[in-house]
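What follows is a set of notes on a single structure, which appears directly below.
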Protein chains: 2
Amino acid sequence: MSNNDKSVVSRLRKLISEGAYAPGERLGEVAVAEQLGVSRTPVRLAFRTLEQEGLLQQAGKRGFMVREFTQADVHCAVEVRGVLEGLAARHLAEQGLPPDVDKELSFWIQKGKKLIAKGYLVESDINQWSELNAHFHGIIIHSIGSGVVADAIARNNHLPFAAADSIIIDSDDLEREFKKLQLAQFHHELIFQSLKRGEGARAEMLMREHALIGLRYPELLADSE
Amino acid sequence: MSNNDKSVVSRLRKLISEGAYAPGERLGEVAVAEQLGVSRTPVRLAFRTLEQEGLLQQAGKRGFMVREFTQADVHCAVEVRGVLEGLAARHLAEQGLPPDVDKELSFWIQKGKKLIAKGYLVESDINQWSELNAHFHGIIIHSIGSGVVADAIARNNHLPFAAADSIIIDSDDLEREFKKLQLAQFHHELIFQSLKRGEGARAEMLMREHALIGLRYPELLADSE
DNA sequence: ATTATGGTTATTGGATCCAAAGTAAAGGCT
DNA sequence: AGCCTTTACTTTGGATCCAATAACCATAAT
C-alpha cells in the first residue's frame with residue numbers, strides 16, 4: 001500500500017481503461033511485472049485490487065484476464081450511478097441543506113452558469129467543466145453522514161464510461177457538446193433548487209435522469225440540429 | 001487466488017464480521033498470519049481484497065485497521081441495497097418476465113407460502129427462509145443481462161448487516177420474527193405480482209421498501225403486540 | 001518542564017526462491 | 001491414424017529474505 005503499490009494499481013488501471021490490453025486478454029504476472037519494471041509481488045497485490053474493482057476477472061483456474069464490457073454493462077453502470085447519486089440527493093434534500101453545503105453548491109453552479117453563458121465552448125472549457133462537475137457531484141455524495149454511498153459510487157466509477165465526468169466523448173464536435181453541457185448545467189440548477197426546497201423525490205429523479213445524459217441524449221441532440 | 005488465498009479471505013471476513021477484532025483495531029500482517037497458520041503473503045493479498053470490500057481501511061500510513069461501522073453506515077448500506085435491487089426489479093419488469101424466471105420465482109414463492117402457512121416458526125425454518133430468500137433475490141438480481149448490478153450488490157453485501165439474509169436477528173423471539181417473515185413473504189408476492197404485470201415503478205418501490213424490513217419494521221411489530 | 005532531535009526497534013513493502021498445479025506437447029499403444 | 005498417457009515446461013501461489021520507513025523512546029538542549 002506504499003507509493004509503488006498504489007502506483008502499480010493506478011498505472012494498470014489506466015492501461016486497462018485505455019485499452020492497452022484487449023478485452024478478455026490474459027494478464028501474466030511476470031509479463032506485467034517486467035512491463036512496469038517491478039517485481040511480481042506488487043503486481044499480484046494490484047491484481048487483487050483490480051479484481052475487486054471489476055476491471056479484472058479470474059481466467060479459469062489460473063490468473064486473471066481483462067474483463068470485457070458489453071454495451072449492457074456500460075448502460076447498467078450508468079444506471080447504477082444514477083440510483084446511487086439519486087439516493088444521495090434525496091437524503092440531502094430530506095435532511096435539509098446545511099448552509100455550508102448550500103454555499104459550496106451555489107459556488108459551482110455559478111461557475112457553470114458563467115461557462116455556459118458565453119454561448120459556445122472552447123477546448124479549455126472542458127477541463128473546467130470536469131472540475132466543477134466533479135465538485136458538484138462530490139459535494140452531494142459526501143454530504144451524507146456515512147461514506148458507504150460514496151464508496152459504492154467510487155467503486156462503480158472504476159468501470160469505464162461509468163464515471164460522471166465521462167460525459168464528454170467527442171471533443172471534435174464542440175457545438176453538440178455545448179448543447180449537452182447546457183442541459184447538464186440546467187440539470188444541476190434544477191437539482192440544486194429541489195435540494196434547497198427539500199423536495200427529496202424530485203431531487204432523486206432529477207439526479208437519475210441527469211446520469212443518463214451521456215447515454216440517451218446524444219441521439220436527440222443530433223436530431224434537433 | 002488458489003484454495004488457501006480464498007480461504008484466508010473468507011476466514012478473515014468471517015472473523016471480522018463476527019467481531020473477533022475490535023472496530024478500529026490495527027491488524028498486523030505477522031499476527032494474522034500466525035493466527036491463521038499461513039505466511040504473510042496470502043494475508044497481504046487478502047488485506048487488499050478486504051480493503052476493497054470495505055471491511056478494512058488504511059491505518060495511517062501503514063497497514064490496515066478494522067473499519068468501524070456507525071449506525072448511519074448500516075442504515076445507508078441497507079438503503080443502497082434497496083435502490084440497487086429496486087433497479088434490478090424495475091429492469092426485469094420493464095423488459096418483461098421471461099417464462100423460466102417466472103417459473104423459478106414462482107417456485108420459491110410457493111416455498112415461502114408453505115413456510116408461513118403453518119402460522120408459526122420453528123428453529124429449522126430460519127435456514128429454509130434464508131435459502132429461499134437468497135434464491136428469490138438472486139434470481140431477480142441476476143436476471144439482468146449485465147453482471148454490473150449484481151456485482152455492486154455483492155460488494156455492498158460484504159458490509160455487515162447489509163446482506164438481504166441478515167433479516168433474522170433475534171432467533172429467541174420467534175413469534176416476532178414470524179410476523180416479520182410473514183410481511184417479507186407478502187412483499188415477495190407483491191413484487192412477483194408487479195414483475196408479472198410489467199409494473200416497473202411499483203416493483204422498484206416495493207423492493208426498496210422490502211429492503212427496510214430489518215431496519216424500520218421491528219419497532220412497529222413490537223407495538224402491534 | 002517541555003520540546004526537539006536522534007537513534008533504535010518493529011513492521012511493512014519488494015524481490016527472490018521453491019514447490020505445486022496446470023497445460024501443452026510428444027510418444028506410445030490400441 | 002487417433003486417442004490416451006506420461007512427461008516436461010510454464011506459470012502461479014506460498015514462504016522467506018532483505019531493505020526501507022514509520023513509530024516509539026530516550027536523551028539532551030533550550
Side-chain angles (χ1 to χ4, degrees), chain A residues 1-16 19-68 151 154-155 158, chain B residues 1-16 19-68 151 154-155 158:
Chain A
M1 207 40 31
S2 87
N3 303 326
N4 209 346
D5 184 7
K6 270 229 169 84
S7 107
V8 168
V9 172
S10 55
R11 276 198 288 168
L12 260 179
R13 193 187 291 141
K14 193 156 175 283
L15 281 171
I16 292 170
Y21 307 105
E25 182 180 343
R26 191 141 171 287
L27 288 190
E29 293 179 357
V30 274
V32 173
E34 282 173 14
Q35 195 172 343
L36 299 184
V38 292
S39 90
R40 274 179 56 215
T41 308
V43 173
R44 287 170 70 184
L45 293 170
F47 277 9
R48 303 310 144 99
T49 299
L50 294 170
E51 183 200 13
Q52 286 301 113
E53 288 184 359
L55 290 173
L56 296 182
Q57 60 185 17
Q58 282 189 254
K61 291 261 179 186
R62 267 180 118 106
F64 295 93
M65 54 189 272
V66 179
R67 173 157 168 195
E68 344 193 21
D151 284 356
R155 280 195 298 257
H158 285 133
Chain B
M1 207 42 32
S2 90
N3 304 327
N4 208 346
D5 183 7
K6 271 230 169 84
S7 107
V8 168
V9 171
S10 56
R11 278 200 285 169
L12 260 179
R13 194 189 288 141
K14 193 157 175 284
L15 281 171
I16 292 170
Y21 308 103
E25 182 180 343
R26 186 134 175 284
L27 288 189
E29 293 179 359
V30 274
V32 172
E34 282 174 14
Q35 195 173 342
L36 299 184
V38 292
S39 90
R40 274 179 57 215
T41 307
V43 173
R44 287 170 70 183
L45 292 170
F47 277 10
R48 295 317 182 323
T49 298
L50 293 169
E51 183 202 12
Q52 286 301 112
E53 287 184 1
L55 289 172
L56 296 181
Q57 60 184 16
Q58 283 188 254
K61 291 263 179 184
R62 263 182 122 107
F64 294 94
M65 53 188 274
V66 179
R67 172 155 167 197
E68 342 193 22
D151 284 356
R155 281 195 297 257
H158 285 133

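Note that the coordinates shown come from a computational prediction; the quantities given were computed from them, not determined experimentally. Reminder, nothing fancy here: chain letters follow the sequence lines and each chain counts from 1.
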Whole-Å distance, A:Leu36 CG to C:dA15 P, equals 11 Å

- Query: Distance-only, no hydrogens or angles: does the A:Arg155 side chain make a donor-acceptor pair with backbone N or O of B:Gln52 under 3.5 Å?
  - Reply: yes

Winner on side-chain proximity to B:Arg62, out of C:dA10, D:dG13, C:dG14, is C:dA10

Going by heavy atoms in the side chains, are B:Leu15 and B:Leu36 under 4.5 Å from each other? yes

Note: B:Ala33 and B:Val43 closest approach over all heavy atoms is CA-CG2, 3.7 Å

Here the distance between atom C1' of C:dT12 and atom CD of B:Glu51, to the nearest Å, is 14 Å

Is there a side-chain polar atom (N or O) of A:Ser39 under 4.0 Å from OP1 or OP2 of C:dG14? no

Closest non-hydrogen contact found for B:Thr41 with A:Arg44 is CG2-NH2, 4.0 Å

Heavy-atom closest pair (B:Ser7 atom, B:Ser10 atom, distance to 0.1 Å) is O-OG, 3.2 Å

Heavy-atom nearest pair, B:Leu56 first then B:Val66, reads CD2-CA, 4.0 Å

B:Phe47 atom CZ is separated from C:dT12 atom C1', nearest whole Å, by 11 Å

Taken to the nearest whole Å, CZ/A:Phe64 to P/D:dT12 is 10 Å

Is B:Arg40 close enough to D:dG13 that one of its side-chain N or O atoms is under 4.0 Å from OP1 or OP2 there? no

Rounding to the nearest 10°, end axes of the helix from C:dA1-D:dT30 to C:dT30-D:dA1 built from five pairs each make an angle of 10°

Review point. For the base of C:dG14, is there a side-chain donor-acceptor partner from A:Arg44 under 3.5 Å away?
Key: no

note: A:Leu45, atom CG; C:dT16, atom P; distance rounded to Å ~ 16 Å

Taking C:dA10, D:dA15, C:dG14 as options, the one with an atom nearest any side-chain atom of B:Thr41 is D:dA15

All heavy atoms of B:Glu68 vs all of B:Gly24, minimum pair found to be CG-N, 3.9 Å

Check: Do B:Arg40 and B:Phe47 come within less than 4.5 Å of each other through their side chains, counting heavy atoms only?
Finding: no

Rounded to whole Å, CE of A:Met65 lies from P of D:dT12 at a distance of 14 Å

Heavy-atom closest pair (B:Arg13 atom, B:Leu50 atom, distance to 0.1 Å) is CB-CD2, 4.1 Å

Per the under-4.0 Å heavy-atom filter, residues of residues 23-34 of chain A near DNA chain C come out as none

